[in-house]
Asks: 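Before we start, here is the structure in question, set down as structure tokens.
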Amino acid sequence: MKLVKTEDAVGHVLCHDMTQIIRGVTKDVRFRKGHIVTPEDIPVLLSMGKENLYVWEKDENMLHEDEAVEYLREICSGENVTSGQPKEGKIEITAECDGMLQIDVEKLYAVNSLGNMMIATRHSYTPVKKGDKLAGTRIIPLVIEKTKMEEAKKAAGDKPILNVIPYQMKTAGLITTGNEIKKGLIQDTFSDVVIDKLAAYGIKVVAHEYPGDDDALITKTIGEMKAQGLDMILCTGGMSVDPDDKTPGAIKASGARIITYGAPVLPGAMFLLSYFEDGTPVIGLPGCVMYAKSTIFDIMLPRIATKTRIKAEDFYGLGHGGLCLGCKECRYPDCSFGK
Ligand SMILES: Nc1nc2c(c(=O)[nH]1)N[C@H]1C(S)=C(S)[C@@H](COP(=O)(O)OP(=O)(O)OC[C@H]3O[C@@H](n4cnc5c(N)ncnc54)[C@H](O)[C@@H]3O)O[C@H]1N2
Ligand code: MOO
């Protein structure tokens with residue numbers, strides 16, 4: 001801290017709040033601690049009776065919070081994200097388009113572990129809309145060592161840690177299994193659920209077949225839809241352990257490589273994800289997707305719609321938070337399910 005004449009204070013950082021009192025008009029903080037003095041401030045400060053000011057001593061090795069937060073802006077500014085001006089050392093990151101928020105969680109952890117700075121975000125893999133708030137970030141002290149910010153840059157690596165990935169899939173093929181549906185014994189109440197969920201991501205069901213419980217026919221239908229060049233193929237029902245549950249075997253026989261059959265999520269334990277060599281996903285949706293408001297399908301759909309390649313390991317961690325509480329009014333994704 002040092003004392004400077006107010007006329008010489010431009011560019012210096014104030015060490016404490018300064019209150020302006022004008023009788024009958026105002027009594028409020030006019031300049032906040034940390035404010036960088038501008039030429040326009042000088043007459044105001046003089047009118048407040050401040051001819052001398054305590055300011056931070058300029059030090060090439062130290063950064064003001066507003067300068068330091070620019071490092072965090074760079075660390076956070078990936079594809080399709082934007083950010084505002086620093087306000088009291090804090091900036092807000094927002095989405096520039098609709099899509100899936102994707103965060104490098106390990107890098108986020110690495111930056112936050114350095115201390116004296118913070119980045120708080122929404123959960124990765126959640127669907128977001130243009131203009132949605134994604135993250136807030138700030139420097140904790142008023143001034144911080146430049147080397148600390150360089151360290152943060154290094155910890156974050158060469159790619160920004162926050163991105164919004166636009167949805168890329170457009171078409172889907174739907175295979176509704178079950179002899180009871182094919183024979184018309186019951187009405188199909190599953191397909192509309194799937195069609196609506198896909199529509200929310202701009203995906204249209206352009207082929208729809210009812211092969212019953214004939215596993216060879218299910219496999220053949222998958223092959224035909226694949227040949228049509230659809231972005232994804234979904235099979236509903238027949239995913240469990242009954243003798244008539246033929247879907248997992250039929251998907252396997254199609255040549256798609258199984259990533260997982262089973263997931264540590266309820267509802268959604270009997271979910272199946274597989275990919276053809278070219279990346280076309282073939283998905284098996286268990287009966288719960290028809291009746292439960294939110295399931296494994298809702299958790300994985302943003303990743304599928306953005307063509308984010310999903311690995312078996314991506315499922316293992318889902319158990320923690322993988323239990324839907326079945327609230328009367330479903331607020332998913334604004335709840336702990338799938339986080
Ligand atoms: N012994 C076990 N039983 C069950 C298990 C298990 O592991 N062991 N898993 C349970 C879980 S979890 C789920 S989820 C369901 C899986 O159901 P499936 O995918 O096999 O569904 P289905 O048996 O084919 O059908 C269940 C029920 O829903 C009706 N259904 C199916 N598709 C339609 C449709 N398009 N429209 C209307 N209704 C449909 C079907 O007729 C059945 O009544 O299994 C648990 N059981
Ligand atoms: O696949 Mo069942 O999923 O959990 O109710």
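Atom set for the values below is all heavy atoms of this structure, side chains included, hydrogens, waters and symmetry mates excluded. Order of appearance sets the numbers: ligands from 1, and atoms from 1 within every ligand.
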Asks: Tell me whether M270 has any N or O atom under 3.5 angstrom from an N or O of ligand 1.
Replies: no
Asks: What protein heavy atom sits nearest atom 32 (N) of ligand 1, and how far off is it?
Replies: F190 CD1, 3.8 Å
Asks: Counting C-beta onward and ignoring hydrogens, is there a side-chain heavy-atom pair between M169 and I304 closer than 4.5 Å?
Replies: yes
Asks: Looking only at protein heavy atoms, identify the closest one to atom 23 (O) of ligand 1 and say how far it is in Å.
Replies: D245 OD1, 3.7 Å
Asks: Have T280 and D278 got a donor and an acceptor in their side chains that come within less than 3.5 Å?
Replies: yes
Asks: May I ask you to say whether D298 pairs ionically with K197, meaning some side-chain N is under 4.0 Å from a carboxylate O?
Replies: yes
Asks: Does K2 NZ have over 12 foreign heavy atoms under 6.0 Å away?
Replies: yes
Asks: Mind checking whether T171 and Q228 have side chains closer than 4.5 Å, heavy atoms only?
Replies: no
Asks: Can you list the ligand 1 atoms lying under 4.0 Å from a non-hydrogen atom of Q187?
Replies: 36 (N), 37 (C)
Asks: One residue to check: M290. Relative to ligand 1, which of side chain, backbone, both or neither has a non-hydrogen atom less than 4.0 Å away?
Replies: side chain
Asks: Considering only protein heavy atoms, which is closest to atom 26 (C) of ligand 1, and at what distance to one decimal place?
Replies: G287 CA, 4.7 Å
Asks: At under 4.0 Å between heavy atoms, is it the side chain or the backbone of T176 that contacts ligand 1, or both, or neither?
Replies: side chain
Asks: Please identify which atoms of ligand 1 are closer than 4.0 Å to at least one heavy atom of P286.
Replies: 14 (S), 19 (O)
Asks: Do the non-hydrogen side-chain atoms of I203 and D231 ever get within less than 4.5 Å of each other?
Replies: no
Asks: At a heavy-atom distance under 4.0 Å, which protein residues reach ligand 2? Sort them by chain and number, would you?
Replies: L266, P267, G268, A269, M270, P286, C288, Y291
Asks: Quick check on contacts: which atoms of ligand 1 are under 4.0 angstrom from a heavy atom of G238?
Replies: 18 (P), 19 (O), 20 (O), 21 (O), 22 (P), 24 (O)
Asks: Before signing off on this row, confirm whether T189 and ligand 1 have an N or O atom pair separated by under 3.5 Å.
Replies: yes
Asks: Quick one: does atom 16 (C) of ligand 1 have a protein heavy atom under 4.0 Å from it?
Replies: yes
Asks: Can E151 and K154 be counted as an ion pair, charged N to O under 4.0 angstrom?
Replies: no
Asks: Contact between V265 and F337 at the side-chain level, heavy atoms closer than 4.5 Å - yes or no?
Replies: yes
Asks: Quick one: which ligand 1 atoms are inside 4.0 Å of a heavy atom on D188?
Replies: 34 (C), 35 (N), 36 (N)
Asks: Can you pull out the closest protein heavy atom to atom 2 (C) of ligand 1? Residue, atom name and distance to 0.1 Å, please.
Replies: V241 CG2, 3.4 Å
Asks: Looking at side-chain heavy atoms only, is the closest gap between N61 and T147 below 4.5 Å?
Replies: no
Asks: Ligand 1 and D242, any nitrogen or oxygen pair closer than 3.5 angstrom?
Replies: no
Asks: For ligand 1, is any non-hydrogen atom under 4.0 Å from M239's backbone (N, CA, C, O), its side chain (CB onward), both, or neither?
Replies: both
Asks: Is there side-chain contact between V81 and N163, with heavy atoms separated by less than 4.5 Å?
Replies: no
Asks: With heavy atoms only and a cut-off of under 4.0 Å, state how I186 meets ligand 1: side chain, backbone, both or neither.
Replies: side chain
Asks: Within the 4.5 Å heavy-atom criterion, are H208 and D188 side-chain neighbours or not?
Replies: yes
Asks: Among protein heavy atoms, which sits nearest to atom 43 (O) of ligand 1, and what does the distance come to when rounded to 0.1 Å?
Replies: E180 OE2, 4.9 Å
Asks: Any protein heavy-atom neighbour for atom 34 (C) of ligand 1 (distance below 4.0 angstrom)?
Replies: yes
Asks: Given G284, S240, C288, identify the one with the heavy atom nearest to atom 10 (C) of ligand 1.
Replies: S240
Asks: Quick one: side chain to side chain donor-acceptor pair (under 3.5 Å) partners of T306, sequence neighbours excluded?
Replies: T308
Asks: Can you check whether T236 reaches M290 side chain to side chain, under 4.5 Å on heavy atoms?
Replies: no
Asks: Check this for me: E106, atom CD, are more than 12 non-hydrogen atoms of other residues, nucleotides or ligands nearer than 6.0 Å?
Replies: no
Asks: Ring-plane angle category for F315 and F271, please: parallel below 30°, perpendicular beyond 60°, tilted otherwise.
Replies: tilted
